[in-house]
Amino acid sequence: MTVENTGHISLDVFDLNGKLVKTLLNDNFEPGTQNVRWDATNESGKKIPSGIYFYQLKTKDINQVQKLILY
């Protein structure tokens with residue numbers, strides 16, 4: 001993802017029931033490209049099963065939710 005302005009960014013993964021699986025980002029970032037890699041674990045570090053999940057990206061100007069399929 002490319003950050004255009006300095007600011008706070010959060011990136012969270014949720015299951016189909018809306019329960020938080022893992023927070024991938026929750027910090028302030030400078031402009032530029034940010035790479036995020038998820039190891040398919042939950043907040044406790046346990047592997048999660050394959051299936052459909054959602055991620056939510058929040059910045060000052062964006063609140064985006066997209067479907068994520070984990071194989």
Side-chain angles (χ1 to χ4, degrees):
M1 101 180 109
T2 300
V3 178
E4 294 183 14
N5 301 308
T6 300
H8 186 263
I9 298 175
S10 65
L11 180 61
D12 298 305
V13 178
F14 297 90
D15 65 15
L16 285 174
N17 295 319
K19 182 180 175 189
L20 178 66
V21 174
K22 188 161 191 175
T23 297
L24 302 178
L25 295 175
N26 189 17
D27 208 346
N28 291 313
F29 289 89
E30 297 294 323
T33 301
Q34 303 295 326
N35 294 311
V36 179
R37 186 174 182 124
W38 178 38
D39 59 1
T41 60
N42 63 17
E43 291 286 356
S44 301
K46 295 180 181 179
K47 289 282 187 187
I48 61 168
S50 298
I52 298 173
Y53 296 87
F54 293 92
Y55 70 85
Q56 182 176 31
L57 173 66
K58 285 186 186 179
T59 69
K60 177 183 151 190
D61 302 317
I62 299 171
N63 185 3
Q64 176 182 359
V65 176
Q66 295 288 321
K67 182 169 56 172
L68 182 150
I69 299 173
L70 178 63
Y71 293 100

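All values reported here derive from a predicted model rather than from experimental measurement.
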In one Ile/Leu/Val/Met/Phe/Trp/Tyr side-chain cluster, 4.5 Å: Val36, Phe29: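 In one cluster with Val36: Phe29, yes.
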ILVMFWY cluster, Leu57 and Phe54 together (side-chain gap under 4.5 Å):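 As far as the 4.5 Å side-chain criterion goes, Phe54 and Leu57 are not connected within one cluster.
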Leu11 side chain reached by Trp38 side chain, heavy atoms, under 4.5 Å: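 Trp38 does not reach Leu11 side chain to side chain.
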Asp39: partners by side chain to side chain contact (heavy atoms under 4.5 Å, CB included), with sequence neighbours left out: Lys22, Thr41
Which residues share a side chain to side chain contact (heavy atoms under 4.5 Å, CB included) with Ser10, sequence neighbours left out: His8, Asp12, Asn26, Lys58
Exercise: identify the closest heavy-atom pair between Asp15 and Val21: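 Here Asp15 and Val21 meet closest at N-CG2, 3.5 Å.
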Spacing of OH belonging to Tyr53 relative to CG belonging to Leu16, to within rounding of 0.5 Å: 8.0 Å
Cut-off 3.5 Å, no hydrogens considered: what does the side-chain donor-acceptor table look like for residues 60-71, sequence neighbours left out?
| residue | atom | partner | partner atom | Å |
| --- | --- | --- | --- | --- |
| Asn63 | OD1 | Gln56 | NE2 | 2.9 |

